[in-house]
Amino acid sequence: MTLRIYDTLKRKKVPFEPLEPGKVSMYVCGPTPYAPPHIGHAYSAISFDSVRRALRWLGFEVTYVRNVTDVEDKIFARAREAGEDWPQLARRFADQYDREMALFGVERPDIEPWVSGYMDAIIDMIQRLIDRGRAYVADGDVYYAVETFSSYGKLSGQSIEDLRAGARVDVDERKRSPVDFALWKAAKPGEPAWQAPWGEGRPGWHIECSAMTFVTLGERFDIHAGGKDLIFPHHENEIAQSEGALGDGSFARYWLHNGFLNFSGEKMSKSLGNVFGCAQTAKTCGGEALRFYLISHHYRSPVNFEVDERGDMPDLHVADRRLDYFYTTLKRADEFVSAAKDPGEGPVAEGAGDLPERAREALSDDFNTPAALAAMSDAARLLNKLIDEPAGIAKDVRRRSIRRLAADIRDLAERALGILAMDPDEFLASRRARLAAHRGIDEREVEARLAARAEARRDKDFARADALRDELHAMGVEVLDTPRGAEWRVRED
RNA sequence: GGUGCCAUAGCCAAGCGGUAAGGCAGAGGCCUGCAAAGCCUCCAUUCCCCGGUUCGAAUCCGGGUGGCACCUCCA
């Protein structure tokens with residue numbers, strides 16, 4: 001089955017043919033570490049982490065490059081305010097980014113270029129553009145002469161004429177055309193600066209990605225990805241730079257862009273007070289729940305979170321509950337498998353072997369994680385059913401099917417989707433503790449009442465047992481009677 | 001103004017021209033001392049509206065309407 005992906009440049013799904021069979025080179029625009037990450041950053045990180053995992057699961061060997069833009073005005077400004085060295089500040093926030101993305105199961109890139117370490121490559125590329133007549137020096141700045149690049153606008157669908165018409169009035173006079181953009185900015189007093197043939201300064205916003213893809217992945221590579229907002233101007237300008245310097249047909253072969261997050265229908269912004277930090281969200285809702293919620297949408301779609309009066313996001317709690325279901329299912333399967341005799345190889349129940357193929361179809365269709373999750377839901381339901389109902393099926397077939405389903409769910413979830421990787425007991429315990437703390441439930445009190453109830457039930461004093469259960473219910477505790485005794489969970493409502 | 005994206009049940013959400021996945025909520029049932037959990041059944045003749053192409057359209061084309069985003073170094 002061939003992989004099809006939606007290419008922003010062609011505006012349609014196209015068959016994916018990597019440069020080298022079986023291998024994928026991929027570059028993702030990474031963070032500018034000047035502040036703690038919010039969950040918008042997480043959406044992008046999770047989306048492309050899922051693409052990476054899906055590619056690997058589908059059998060590709062992936063080289064995943066994600067840059068860190070540590071040379072940037074906002075970093076310099078923050079550092080000045082804080083009285084901190086800018087490299088240190090960038091390091092600090094980049095570390096925080098990695099730590100918090102890990103809460104969502106986002107893996108580290110294979111290669112992580114930092115702009116400050118690629119100045120020579122950046123300067124080389126600018127020089128090459130100047131030599132080829134594509135860029136010009138003006139007062140120590142260097143600008144890209146956009147009009148020399150005839151296909152400018154092909155990614156964002158805009159024409160140079162449109163852009164010129166829409167340009168602001170306060171155009172910099174040093175530019176030959178209002179649509180030209182800076183490759184290099186001359187140093188201002190007190191700002192970090194690097195030495196270049198045309199004077200001291202620092203790179204413009206877009207050139208670093210062109211230079212770093214060239215060094216890390218070469219003249220051509222397979223996939224370039226980033227948030228939708230980067231299509232213009234960032235990625236448009238990258239194309240102009242790379243193709244301008246290296247020739248037509250160089251640079252990225254497929255463009256992937258992911259949607260944005262909204263909160264109760266509104267864009268995230270500081271003034272609306274709806275910027276949600278990653279650490280806080282992971283603490284209240286569980287990091288895995290955020291990932292699960294996000295990958296239950298297609299990566300290109302915008303995602304809306306309903307936010308209630310308390311600033312809480314019910315959608316994430318629903319997702320967390322769904323994870324509880326999957327982990328509970330796996331736990332039941334584990335218990336069943338470890339108690340049962342090894343059934344060996346052989347046939348499985350109808351439908352019990354379908355998951356890998358269904359998931360492969362889903363992920364091969366532009367990384368359709370929602371469809372893969374739908375297949376996983378079907379598998380989990382069948383798994384629970386087989387555990388519950390021993391009748392009407394041969395013992396070995398049943399055992400094999402349960403073992404198989406649990407293994408297939410785990411393989412898909414952990415490797416391709418980045419979820420369900422924890423030990424079920426560990427997940428369930430930490431979730432319960434989180435919810436209990438949130439609702440102010442005293443676990444020792446719960447245990448005491450459960451013990452009293454167990455005694456009452458032994459004595460067949462059901463009135464007393466039910467009264468205790470009602471008390472627990474009022475505390476927010478749900479009692480589950482199992483063959484091994486009573487267990488408890490925190491109620492959802 | 002220019003450009004791009006989107007509109008599927010009460011809600012969330014897939015759907016590459018072939019007769020509407022999955023989840024939440026809801027109803028009934030199995031199981032249970034009673035529950036919970038789990039499982040079973042039901043829950044869109046229909047995909048914003050109007051035309052068109054086609055044997056056949058949620059899917060393609062044209063025109064509306066309604067959202068969103070980018071053109072301001074915001075993921």
Side-chain angles (χ1 to χ4, degrees), chain A residues 4 6 8 11-15 28-32 37-45 47-48 69 72-74 153 155-159 161-168 179 181-182 204-206 226-234 236-237 257-262 265-270 275 293 296-298 300-304 306 314-315 318-319 321-322 324-325 328-329 332 358 362 364-366 368-378 380-389 457 460 462-463 465-466 469-470 473 477-482 486-489 491-492:
Chain A
R4 294 162 52 81
Y6 184 90
T8 307
R11 288 181 233 300
K12 62 180 179 189
K13 281 186 202 172
V14 294
V28 179
C29 285
T32 299
H38 57 246
I39 61 178
H41 297 108
Y43 188 27
S44 188
S47 294
F48 298 121
T69 304
E72 216 273 345
D73 282 353
K74 287 189 294 255
L155 184 69
S156 56
Q158 312 197 64
S159 68
E161 290 69 42
D162 296 339
L163 291 165
R164 203 191 278 124
R168 297 291 175 277
V179 294
F181 59 90
W205 175 32
H206 316 292
K228 262 198 167 85
D229 60 321
L230 296 179
I231 294 172
F232 190 89
H234 187 53
E236 194 70 74
N237 290 351
H257 291 97
N258 83 301
F260 261 38
L261 258 35
N262 286 302
E266 293 186 300
K267 187 176 168 170
M268 176 163 54
S269 78
K270 274 183 191 154
V275 176
Y293 182 68
S296 69
H297 301 70
H298 186 89
R300 274 188 284 119
S301 305
V303 175
N304 186 53
E306 286 307 322
D315 297 325
V318 171
R321 168 71 184 98
R322 193 68 187 146
D324 184 296
Y325 167 81
T328 303
T329 301
R332 299 180 76 205
R358 283 186 65 193
S364 297
D365 182 15
D366 196 28
N368 193 333
T369 51
L373 287 174
M376 205 172 84
S377 288
D378 287 340
R381 183 155 21 83
L382 179 57
L383 177 50
N384 275 310
K385 185 179 169 173
L386 286 166
I387 293 170
D388 281 345
E389 293 171 16
R457 292 183 79 215
K460 297 270 192 273
F462 293 123
D466 289 352
R469 190 176 59 202
D470 290 344
H473 186 84
V477 170
E478 212 162 59
V479 179
L480 295 79
D481 287 323
T482 76
E487 294 177 0
W488 66 280
R489 55 194 293 153
R491 271 170 50 212
E492 303 301 326

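Chain identifiers are assigned alphabetically (A, B, ...) following the order of the sequence lines, protein sequences preceding nucleic acid strands; residue numbering begins at 1 within each chain.
Rounded to a whole Å, the OH atom of Y293(A) is 20 Å from the P atom of G22(B).
Taking atom C1' on both nucleotides, U46(B) is separated from G15(B) by 14 Å, rounded to a whole Å. Using P as the reference atom, G28(B) and C43(B) are 16 Å apart when rounded to the nearest Å.
Across all strands shown, M376(A) has no heavy atoms under 4.0 Å from either base or sugar-phosphate atoms. Contacts of N384(A) with the nucleic acid, taken as non-hydrogen atoms under 4.0 Å apart, involve only primed sugar atoms and P, OP1 or OP2. Residue contacts shown for Q158(A) include a base, since a base heavy atom lies under 4.0 Å away.
Distances shown here put a side-chain N or O of H297(A) below 4.0 Å from the OP1 or OP2 atom of A13(B). Contact annotation: S301(A) side-chain N/O to A14(B) OP1/OP2 distance is under 4.0 Å.
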Next on the checklist: For D378(A) and R381(A): C-alpha separation, side-chain torsions, deciding distance, then whether salt bridge (charged side-chain N to carboxylate O under 4.0 Å, His left out) applies.
Outcome noted: CA-CA 5 Å; D378(A) 287 340; R381(A) 183 155 21 83; 2.7 Å; yes
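Interface remark: the R469(A) side chain does form a donor-acceptor pair with the C34(B) base, using a distance-only criterion of under 3.5 Å.
Residues forming a side-chain hydrogen bond (donor to acceptor under 3.5 Å, both in side chains) with H297(A) (at least two apart in sequence, or on another chain): none.
Set against A37(B), G22(B), G33(B), the side chain of S377(A) has G22(B) as its closest nucleotide.
Partner assigned to C43(B) is none, using Watson-Crick or G-U wobble distances below 3.5 angstrom.
Taking the six-membered ring where tryptophan is involved, the planes of H206(A) and F181(A) are perpendicular, since the angle between them exceeds 60° and thus also 30°.
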